[in-house]
Each structure stands twice: as structure tokens, then as C-alpha cells.
Chemist: 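Submitted below is the structure of interest, expressed as C-alpha cells.
These numbers come from the heavy atoms of this one structure, side chains and all, not from hydrogens, waters or symmetry mates. All residue numbers in this chain count up from 1 along the given sequence.
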Amino acid sequence: MKINSINSANLNPYARQQAKVDQSDAQKLQKADKLEISSQAKEMQESSSIQAQRQEKLDQLKLTIENGTYQADPKQTAADLLKHFRS
């Protein structure tokens, strides 16, 4: 008696289940997080007073460096570096 193997690929339910799991994992990987900032938030960010203050401070520093009157404090610089790398 001879037994023919017709559609033997569909007989393994574990392989079908694993294929479904692999397919769902692939679909999850395709989705990406997305962040959108509203135009109102962008306006708030641009009109922030912090930016104006920062620019003013930078202008003052540039002026003192150009004049040669800038004095760096080495202890304060070291303390700020330690603070930065510890946090």
C-alpha cells in the first residue's frame, strides 16, 4: 500500500501558529511613534522670554570676550563640569 503526501505542509498546526506570530510581530515593528507639535505650541516656544534673555546674555559675553575683559572662574567651571557629568 502506498501513502501519498498530499498537502502535508498544512498538517503542522505549530508552524501555522508560529507564522501568525511572526506576521503580527512584523506588523508591530512597522508602526512607529509619532509626535506632532501644534502651531500654537510652536508660537509659544518662539515667543518665549527665555530665548530673549539667553540671546542678551550671549551678546554680553561676546562683548566682554572681544574687549578682553572676560575673566573665567576655574573653580566655578570645574564645579559646573562635575555637576553636568554627575547628573
Side-chain angles (χ1 to χ4, degrees):
M1 182 170 156
K2 184 175 180 181
I3 300 175
N4 293 329
S5 60
I6 299 174
N7 293 330
S8 64
N10 293 331
L11 292 179
N12 189 348
Y14 301 108
R16 283 186 281 156
Q17 180 64 26
Q18 186 61 37
K20 288 179 184 178
V21 170
D22 291 342
Q23 184 180 16
S24 68
D25 288 343
Q27 287 176 349
K28 287 179 184 177
L29 290 176
Q30 290 176 352
K31 293 180 182 178
D33 291 337
K34 190 175 184 181
L35 174 68
E36 293 183 16
I37 299 174
S38 68
S39 59
Q40 188 177 25
K42 289 178 184 178
E43 288 176 18
M44 288 174 57
Q45 188 177 27
E46 290 174 359
S47 67
S48 174
S49 63
I50 295 172
Q51 291 287 36
Q53 292 171 353
R54 179 176 286 158
Q55 187 61 41
E56 183 180 331
K57 186 173 183 177
L58 282 174
D59 292 339
Q60 288 176 354
L61 281 173
K62 286 179 184 180
L63 185 62
T64 57
I65 291 171
E66 287 174 2
N67 293 337
T69 59
Y70 179 74
Q71 297 292 323
D73 183 12
K75 290 183 181 180
Q76 183 64 39
T77 303
D80 289 342
L81 284 172
L82 283 174
K83 180 181 170 185
H84 173 74
F85 285 109
R86 285 186 180 165
S87 59

Chemist: Within this structure, what is the CG-NZ distance for the pair Asp80 and Lys75, rounded to the nearest 0.5 Å?
Modeler: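 If I round to the nearest 0.5 Å, the distance is 14.5 Å.
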Chemist: Please check if atom CD1 in Ile65 has more than 12 non-hydrogen atoms from other residues, nucleotides or ligands closer than 6.0 Å.
Modeler: yes
Chemist: To the nearest 0.5 Å, what is the distance between CD (Gln60) and OG1 (Thr64)?
Modeler: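 Between Gln60 CD and Thr64 OG1, I get 8.0 Å after rounding to 0.5 Å.
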Chemist: Is the closest side-chain heavy-atom distance between Arg86 and His84 below 4.5 Å?
Modeler: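 Of all side-chain heavy-atom pairs linking His84 with Arg86, none is under 4.5 Å.
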Chemist: Not counting sequence neighbours, which residues clear side chain to side chain donor-acceptor pair (under 3.5 Å) with Gln55? List them please.
Modeler: Asp59
Chemist: Just to verify, what does Gln18 make a side chain to side chain donor-acceptor pair (under 3.5 Å) with, not counting sequence neighbours?
Modeler: Asp22
Chemist: Let me confirm one number: the NZ-CZ distance from Lys20 to Arg16, rounded to the nearest 0.5 Å.
Modeler: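 Rounded to the nearest 0.5 Å, the NZ-CZ separation comes to 7.0 Å.
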Chemist: Can Glu56 and Arg54 be counted as an ion pair, charged N to O under 4.0 angstrom?
Modeler: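 No, Glu56 and Arg54 are not salt-bridged.
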Chemist: How long is the straight-line distance from OG of Ser39 back to CD of Glu43, given to the nearest 0.5 Å?
Modeler: 5.5 Å
